[in-house]
Chemist: 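Just dropping this structure here.
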Number of protein chains: 2
Amino acid sequence: MTERFGPDLLRGSLDLLVLSLLSSSPGYGYDLQQRLREASGELVQIQAGTLYPLLHRMEADGFVRCRWEQSTGRRRKWYELTAAGKRRLVSQTREWDRYVACIRAVLDPVRTALEG
Amino acid sequence: MTERFGPDLLRGSLDLLVLSLLSSSPGYGYDLQQRLREASGELVQIQAGTLYPLLHRMEADGFVRCRWEQSTGRRRKWYELTAAGKRRLVSQTREWDRYVACIRAVLDPVRTALEG
DNA sequence: CCCCCATATGTTGCCATGCGATATATCGGA
DNA sequence: TCCGATATATCGCATGGCAACATATGGGGG
């Protein structure tokens, strides 16, 4: 099994990943944790101590809205994207793409020197 | 002019970028700052308060070696990659590629839903 | 029936690091 | 002479991922 990615890498896109998961369908913390783990091929395992504060921040920023679900067995806090959250997802995705392209532009000359 | 990238994004690849620049040719702090600015199309402007500690860290880790150059006018501290630094560059590049591919894998389903 | 594990959410303190501000010094040109 | 670019360095702040810990409950096996 390949190693997990370090905090410094994750820092750049954890918000975006969660936004993206919520865009597929609403979810609660523990659920998002599993979905991310699965979707990333076990490579991104967001910790509880990271995820819950992150969700709280997003709620404070108005990107998600949440509601408690008590009826069906377990007590769960369901999150869904707001309109602002959807806009955020789009802009964050663009930003990420721009960033990746930019890094590639810096690395590529060296890369060809190394491999070519 | 497009906006600069935030600290959280930079965190994932600043080391790699500097390693990459030094792999092309040795350089001193201020020089690397300019080279990175240029190579990134003005998008990555590493601050002095970021760059110098970063270089010191890399030296402590044995990835670069440095020597003062006083003779030609200005006092400059030239850095070059060590063998460990070159190995580091290769492994960090691979790690970055793996990461980008992983994020893409998570984002792509949503992306097609948004745009397609 | 009880115990343990998975589920579920939360907080606390630690640590790494990018950044703005500040300090210091020198060179060259207006 | 003075100012801006060059050049290196450090300090304190804010951010956020993480391990550890706290708490609670549901369900299955012994």
Side-chain angles (χ1 to χ4, degrees), chain A residues 3-19 26-38 40 43-61 63-64 66-79 92 95 99 102-103, chain B residues 3-19 26-38 40 43-61 63-64 66-79 92 99 103:
Chain A
E3 277 174 54
R4 282 162 41 232
F5 298 114
D8 290 345
L9 276 178
L10 270 328
R11 203 132 167 174
S13 44
L14 267 192
D15 279 23
L16 174 57
L17 293 174
V18 171
L19 243 22
Y28 54 94
Y30 194 85
D31 166 59
L32 292 168
Q33 212 178 14
Q34 309 306 318
R35 279 163 64 185
L36 182 52
R37 201 176 66 85
E38 223 178 310
S40 69
L43 291 179
V44 180
Q45 303 191 23
I46 190 172
Q47 304 303 312
T50 301
L51 179 58
Y52 293 108
L54 185 156
L55 288 168
H56 299 161
R57 252 179 278 138
M58 280 187 169
E59 195 194 355
D61 290 338
F63 297 136
V64 296
C66 68
R67 118 191 93 80
W68 283 101
E69 172 71 60
Q70 183 76 56
S71 55
T72 52
R74 273 194 159 72
R75 166 181 165 267
R76 287 168 180 165
K77 201 168 170 182
W78 288 84
Y79 288 88
Q92 286 272 99
E95 174 94 344
Y99 184 62
C102 176
I103 302 304
Chain B
E3 277 173 56
R4 282 161 43 231
F5 298 113
D8 289 345
L9 277 177
L10 270 329
R11 202 131 167 175
S13 44
L14 267 192
D15 279 23
L16 175 57
L17 292 174
V18 170
L19 243 23
Y28 54 93
Y30 194 84
D31 167 58
L32 292 168
Q33 212 178 13
Q34 308 306 316
R35 279 163 64 186
L36 181 52
R37 201 177 65 84
E38 224 178 308
S40 69
L43 290 179
V44 180
Q45 303 190 22
I46 191 173
Q47 303 303 311
T50 300
L51 179 58
Y52 292 108
L54 185 157
L55 288 169
H56 300 162
R57 251 180 280 140
M58 281 188 169
E59 195 195 354
D61 290 339
F63 298 136
V64 297
C66 69
R67 117 192 93 80
W68 283 100
E69 171 73 59
Q70 183 76 57
S71 56
T72 52
R74 271 195 161 73
R75 167 181 164 266
R76 287 167 179 165
K77 201 169 170 181
W78 288 83
Y79 288 87
Q92 287 272 102
Y99 184 61
I103 302 304

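A note on names: the letters A, B, ... follow the listed sequences, proteins ahead of strands, and every chain is numbered from 1. Please read these numbers as outputs of a predicted model, since none were measured by experiment. Below, each value reflects all heavy atoms present in this structure, side chains not excepted, and no hydrogens, waters or symmetry copies.
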Chemist: When we call it a touch if two heavy atoms are under 4.0 Å apart, what does G49(A) touch: a base, just sugar-phosphate, or nothing?
Modeler: base
Chemist: Have a look at L51(A) and say if it touches a base, only the backbone sugar-phosphate, or nothing, with a 4.0 Å heavy-atom cut-off.
Modeler: nothing
Chemist: Answer with base, sugar-phosphate or nothing: what part of the nucleic acid does D8(B) contact at a heavy-atom distance below 4.0 Å?
Modeler: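 Sugar-phosphate contact only.
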Chemist: W68(A) near the nucleic acid: base, sugar-phosphate alone, or nothing, with a heavy-atom cut-off under 4.0 Å?
Modeler: sugar-phosphate
Chemist: Could you please name the option among dT15(D), dT10(D), dG20(C) that lies closest to any side-chain atom of Q47(B)?
Modeler: dG20(C)
Chemist: If you assign each of T50(A) and P53(B) to its closest nucleotide in DNA chain C, which residue comes earlier from the 5' end?
Modeler: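 Per heavy-atom nearest nucleotide, the more 5' residue is T50(A).
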Chemist: I want to verify a distance call: between dA6(C), dT26(C), dT8(D), whose nearest atom is closest to the R74(B) side chain?
Modeler: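 Of the candidates, dT26(C) comes closest.
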Chemist: For dG10(C) and Y52(A) - does any side-chain N or O of the residue sit under 4.0 Å from the phosphate oxygens OP1/OP2?
Modeler: no
Chemist: Without decimals, in angstroms, what is the distance between R57(A) CZ and dG10(C) P?
Modeler: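 Roughly 14 Å, once rounded to whole Å.
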Chemist: Expressed as a whole number of angstroms, how long is the span from R37(B):CZ to dT6(D):C1'?
Modeler: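 Rounding to the nearest Å, CZ of R37(B) and C1' of dT6(D) are 14 Å apart.
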Chemist: So do the side chains of Y30(B) and Y52(B) get within less than 4.5 Å of each other, counting heavy atoms only?
Modeler: yes
Chemist: Could you tell me whether D61(A) and R57(A) have a side-chain N and a carboxylate O separated by less than 4.0 Å?
Modeler: no
Chemist: Could you tell me how far apart L10(A) (CG) and dG16(D) (C1') are, to the nearest whole angstrom?
Modeler: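 It works out to 11 Å between those atoms.
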Chemist: Rounded to the nearest 0.5 Å, how far apart are CG of L36(B) and CG of L14(B)?
Modeler: 7.0 Å
Chemist: Can you tell me if the side-chain N/O atoms of R11(A) get under 4.0 Å from OP1 or OP2 in dC15(C)?
Modeler: no
Chemist: Can you tell me if the side-chain N/O atoms of H56(B) get under 4.0 Å from OP1 or OP2 in dT10(D)?
Modeler: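 So the side-chain polar atoms of H56(B) do come within 4.0 Å of the phosphate oxygens OP1 or OP2 of dT10(D), strictly under.
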Chemist: Would you name the heavy atoms of L55(B) and V64(B) that are closest together and state the gap between them?
Modeler: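 Looking at all heavy atoms of both residues, the closest pair is O-CG2, 4.0 Å.
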Chemist: Classify R75(A) by what it touches in the nucleic acid, base, sugar-phosphate, or nothing, heavy-atom distance under 4.0 Å.
Modeler: sugar-phosphate
Chemist: Could you state the CG-C1' distance from L55(B) to dA9(D), rounded to the nearest angstrom?
Modeler: 12 Å
Chemist: Just the rounded figure in Å: distance from C1' of dA5(D) to OH of Y28(B).
Modeler: 11 Å
Chemist: Rounded to the nearest 0.5 Å, how far does CE of M58(B) lie from SG of C66(B)?
Modeler: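 It comes to 13.0 Å.
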Chemist: To the nearest Å, give me how far apart CG (L32(B)) and P (dT6(D)) are.
Modeler: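 Taking CG of L32(B) and P of dT6(D), I get 14 Å after rounding.
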Chemist: Give the nucleotide from the list dC19(C), dT6(D), dA9(D) with an atom nearest to the side chain of Y30(B).
Modeler: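 For the Y30(B) side chain, the nearest candidate turns out to be dT6(D).
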